[in-house]
Amino acid sequence: MAENNVKKSNSFNHDNNKQDNSRNDRRRDFRQDRGPPMRNQMNDNQWKKDFVKEKLDVLSGPTTNLVSKDTVSAKKFTGRCRLFVGNLPTSITDEDFRNLFAEFGEIAEVFLQKQKGYGFVKLDTRQNAENAKAALDFSMKDGKQLRVRFATHGAALKVKNLSSYVSNELLEAAFAVFGEIERAVVIVDDRGRPIGEGIIEYAKKQSAQNALKRCMEGCYLLTNSPRPVVLEPLEQRDEDDGLPEKNFQKNNKEYLKEREVGPRLAEPGSFEFEFANRWKKLYELEQQKREHLEKEIEEGRRQLDEQMEFALYEHEANVLREKLRRMEEQSNMIQREREIRREEEIRREESRRTEEMIIRHQQEEIMRNDMRRRQEEKMMMGGPPGYGERLDREAAMRGMQGPAPMSPSRGMPGSGFGPNGMMPEPGLGMTPHQGRFDPPPMGAGYPPNGDPMAEMGGPPPGMGGRGGIHPPMPPHDRMGHDRMEEKYGMETKRRRY
């Protein structure tokens with residue numbers, strides 16, 4: 001029992017697994033079958049081009065330079081040249097059927113249905129087709145009377161709600177975007193005024209169906225006026241030949257009954273007169289209702305035209321306002337950009353001036369520190385304030401001059417001493433080539449080992465340690481002077497470093 005239960009459970013699990021696997025396979029197959037067509041359909045819709053819109057883009061401009069149809073030759077083998085031939089004998093062949101129309105012109109296509117006894121033939125021109133129809137209609141062929149008439153044009157459409165400024169050329173150019181056109185005409189009245197309707201005949205039925213579909217789904221406009229055209233299949237009528245007497249069957253009962261009495265005027269008070277007046281009143285009522293309906297339609301058209309004109313002016317005004325607003329926005333944007341550039345230039349100029357001022361302050365600070373350092377060095381060396389600067393300035397000025405010849409009476413050239421070894425006041429007697437600690441050169445008549453200030457009578461009164469040349473220092477003061485120089489020299493070094 002246990003083994004049987006195990007076997008049953010294993011078989012049950014195996015069946016469930018098989019069912020799950022088959023279900024998963026079906027789902028996967030369904031996704032695979034459904035996935036690619038959707039992607040392909042999306043790609044087709046994405047990459048599919050609308051050739052009608054591309055052709056309409058060419059006609060988007062003015063349509064005043066269309067080529068007149070007077071200079072274009074008439075088209076051949078159109079749908080208006082196609083004939084229907086009925087009551088054909090079953091023994092006729094394609095060659096026999098073609099030979100029937102060979103004498104009337106060129107033949108484009110032949111279709112023969114022998115079992116049903118009819119066929120179609122297309123000739124080159126409308127005139128040749130009319131000639132063939134007039135010659136072969138009601139003619140005998142193998143004991144049968146042939147019936148020939150123009151075939152129904154399956155690709156013909158009627159256009160309504162046309163503007164009064166639509167011509168044959170514009171109508172053909174407008175509807176040629178849907179396919180090849182054989183004929184396009186605007187219907188006019190006896191005075192040549194358009195009645196707002198036209199006829200379009202395509203070469204292929206598919207083109208006519210495409211035009212009918214696009215005009216029904218959308219609004220197709222031909223001129224500046226937003227009046228959409230209305231398309232409908234053309235109701236075929238034979239207004240040329242009409243209905244001849246030979247088309248009736250003479251043995252028809254209804255025909256015989258209607259033809260029992262000929263034309264006459266009904267006698268007043270008779271049965272015929274009474275019901276004839278009723279028919280006339282019904283027709284008059286129909287005419288009145290038609291006229292009233294036409295007036296209502298005409299009034300609706302007039303109101304719609306007025307509303308359209310007002311809406312058109314309003315639309316143009318809104319377009320101008322929108323254009324003016326965009327121009328103002330562009331002008332404001334340009335003005336803001338100019339202000340931003342001007343502010344940026346001002347900021348750059350201020351930044352440049354600030355940097356120049358900082359650099360100038362830094363240079364002045366460096367110069368002040370340099371002058372301070374030099375003054376401290378000169379003070380440390382024992383010279384009066386400005387002594388070293390004057391020496392440097394005189395050295396620079398004398399360095400630009402050439403060397404002068406030596407004169408015993410006037411002293412050494414460029415030495416800084418005048419006659420008799422006298423020092424001039426501004427330069428303190430130092431030459432450009434003389435060091436600060438070198439002994440001054442002696443002038444003519446000056447004792448080589450004597451005191452240079454002896455002949456000048458000593459230093460002027462009031463001259464201390466900071467003015468003129470120091471006198472010889474006593475031995476007991478020289479030690480203090482060395483200590484002071486060492487002290488101030490160390491302080492100067494600390495300040496510098």
Side-chain angles (χ1 to χ4, degrees), residues 73-158 178-185 187 198-212 231-260:
S73 59
K75 296 182 179 180
K76 293 184 177 182
F77 304 106
T78 62
R80 302 180 73 242
C81 306
R82 191 162 175 259
L83 296 174
F84 168 80
V85 183
N87 201 23
L88 290 172
T90 57
S91 61
I92 192 171
T93 62
D94 293 344
E95 189 66 23
D96 295 336
F97 185 66
R98 181 181 291 271
N99 292 332
L100 285 176
F101 299 90
E103 59 178 324
F104 299 101
E106 299 180 10
I107 299 175
E109 61 182 30
V110 172
F111 175 79
L112 178 62
Q113 184 71 25
K114 294 187 294 184
Q115 289 79 7
K116 297 183 179 181
Y118 70 90
F120 293 92
V121 60
K122 181 182 287 187
L123 298 176
D124 53 353
T125 62
R126 174 78 176 187
Q127 185 62 41
N128 293 337
E130 291 178 354
N131 296 335
K133 176 179 178 300
L136 298 178
D137 192 18
F138 293 101
S139 64
M140 299 301 295
K141 178 67 176 176
D142 294 341
K144 285 193 172 183
Q145 189 178 24
L146 301 180
R147 300 299 312 277
V148 181
R149 68 173 184 269
F150 282 99
T152 302
H153 202 305
L157 300 176
K158 189 172 185 179
F178 303 106
E180 182 183 357
I181 290 181
E182 295 180 348
R183 188 172 73 106
V185 293
I187 302 175
I199 298 175
I200 301 173
E201 296 177 356
Y202 283 96
K204 295 181 180 179
K205 192 173 182 179
Q206 182 65 29
S207 302
Q209 293 177 353
N210 187 20
L212 188 63
L231 285 185
E232 60 184 24
L234 179 63
E235 184 180 356
Q236 303 288 335
R237 294 180 179 180
D238 187 1
E239 298 178 355
D240 298 330
D241 297 333
L243 184 62
E245 182 69 21
K246 57 186 176 181
N247 289 348
F248 291 105
Q249 295 181 3
K250 303 299 183 178
N251 55 357
N252 190 355
K253 294 182 179 181
E254 294 293 333
Y255 170 78
L256 296 176
K257 182 180 180 180
E258 286 291 331
R259 292 296 186 91
E260 287 180 356

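Just so you know, residue 1 is the first one in the sequence shown, and it goes up from there.
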> Can you list everything that forms a salt bridge (Lys or Arg N to Asp or Glu O under 4.0 Å) with Lys133? Sequence neighbours excluded, please.
Asp241
> Just wondering, do Arg183 and Ile199 contact through their side chains at under 4.5 Å, heavy atoms?
yes
> Mind checking salt bridge (Lys or Arg N to Asp or Glu O under 4.0 Å) for Lys250 and listing every partner two or more places apart, or none if nothing turns up?
Glu245
> Tell me every residue that passes side chain to side chain donor-acceptor pair (under 3.5 Å) with Asn252, counting only those two or more places apart in sequence or in another chain.
none
> Apply side chain to side chain donor-acceptor pair (under 3.5 Å) to Glu232 and list each qualifying residue two or more places apart in sequence or on a separate chain.
Lys160
> Going from CG on Asn251 to CG on Leu256, what distance comes out if it is rounded to the nearest 0.5 angstrom?
7.5 Å
> Partners of Ser139 by side-chain contact (heavy atoms from CB on, under 4.5 Å), sequence neighbours excluded?
Leu136, Leu146
> Mind checking the OG1-CG spacing from Thr90 to Asp142? Nearest 0.5 Å is all I need.
9.0 Å
> Could you tell me which non-hydrogen atom of Ala129 sits nearest to which non-hydrogen atom of Cys81, and how far apart they are?
CB-O, 3.9 Å
> Taking only distance into account, with no hydrogens and no angle test, what donor-acceptor pairs under 3.5 Å do side-chain atoms of residues 112-126 form with protein atoms, sequence neighbours excluded?
{"residue": "Asp124", "atom": "OD1", "partner": "Asn128", "partner atom": "ND2", "Å": "2.7"}
{"residue": "Asp124", "atom": "OD2", "partner": "Asn128", "partner atom": "ND2", "Å": "3.3"}
{"residue": "Thr125", "atom": "OG1", "partner": "Asn128", "partner atom": "N", "Å": "3.3"}
{"residue": "Thr125", "atom": "OG1", "partner": "Asn128", "partner atom": "ND2", "Å": "3.0"}
{"residue": "Arg126", "atom": "NE", "partner": "Glu130", "partner atom": "OE2", "Å": "3.4"}
{"residue": "Arg126", "atom": "NH1", "partner": "Arg80", "partner atom": "O", "Å": "2.7"}

> A side-chain contact here means heavy atoms from C-beta on lying under 4.5 Å apart; do Arg82 and Glu109 qualify?
yes
> Is there any ring-ring contact (aromatic ring centres under 6.0 Å, His included) pair reaching into residues 128-154, and which pairs are they, with sequence neighbours excluded?
none
> Quick one: CD on Gln145 to CG on Asn87, what's the gap to the nearest 0.5 Å?
7.5 Å
> To check you understand the geometry: which heavy-atom pair defines the closest contact between Gly179 and Ser207, and what is its length?
CA-OG, 3.6 Å
> With sequence neighbours excluded, what pairs up with Lys158 under the side chain to side chain donor-acceptor pair (under 3.5 Å) test?
Glu197
> Please give me the minimum heavy-atom distance between Gly154 and Lys205, naming the atom from each residue.
O-CG, 3.7 Å
> Would you tell me whether Gln206 and Asn210 have side-chain atoms, one donor and one acceptor, within less than 3.5 Å of each other?
no
> Between Glu182 and Gly79 (side chain of the first, backbone of the second, donor and acceptor by atom type, cut-off under 3.5 Å), is there such a pair?
yes
> Give the minimum heavy-atom separation between Phe104 and Leu100, together with the two atoms involved.
CE1-O, 3.5 Å
> Which residues satisfy the salt bridge (Lys or Arg N to Asp or Glu O under 4.0 Å) test with Arg149, sequence neighbours excluded?
none
> Take Leu157 and Leu234, measure what side-chain contact (heavy atoms from CB on, under 4.5 Å) needs, and give me the verdict at the end.
CA-CA 5 Å; Leu157 300 176; Leu234 179 63; 5.7 Å; no
> What pairs with Phe97 under ring pair (Phe, Tyr, Trp, His ring centres under 6.0 Å), at least two apart in sequence or on another chain?
Phe101
> Yes or no on side-chain contact (heavy atoms from CB on, under 4.5 Å) for Ile181 and Glu201, after CA distance, side-chain angles and deciding distance?
CA-CA 6 Å; Ile181 290 181; Glu201 296 177 356; 6.0 Å; no
> Which residues pass the ring pair (Phe, Tyr, Trp, His ring centres under 6.0 Å) test with Tyr255, sequence neighbours left out?
Phe248
> Which pairs pass side chain to side chain donor-acceptor pair (under 3.5 Å) with one or both residues in residues 96-106, sequence neighbours excluded?
Thr93-Asp96
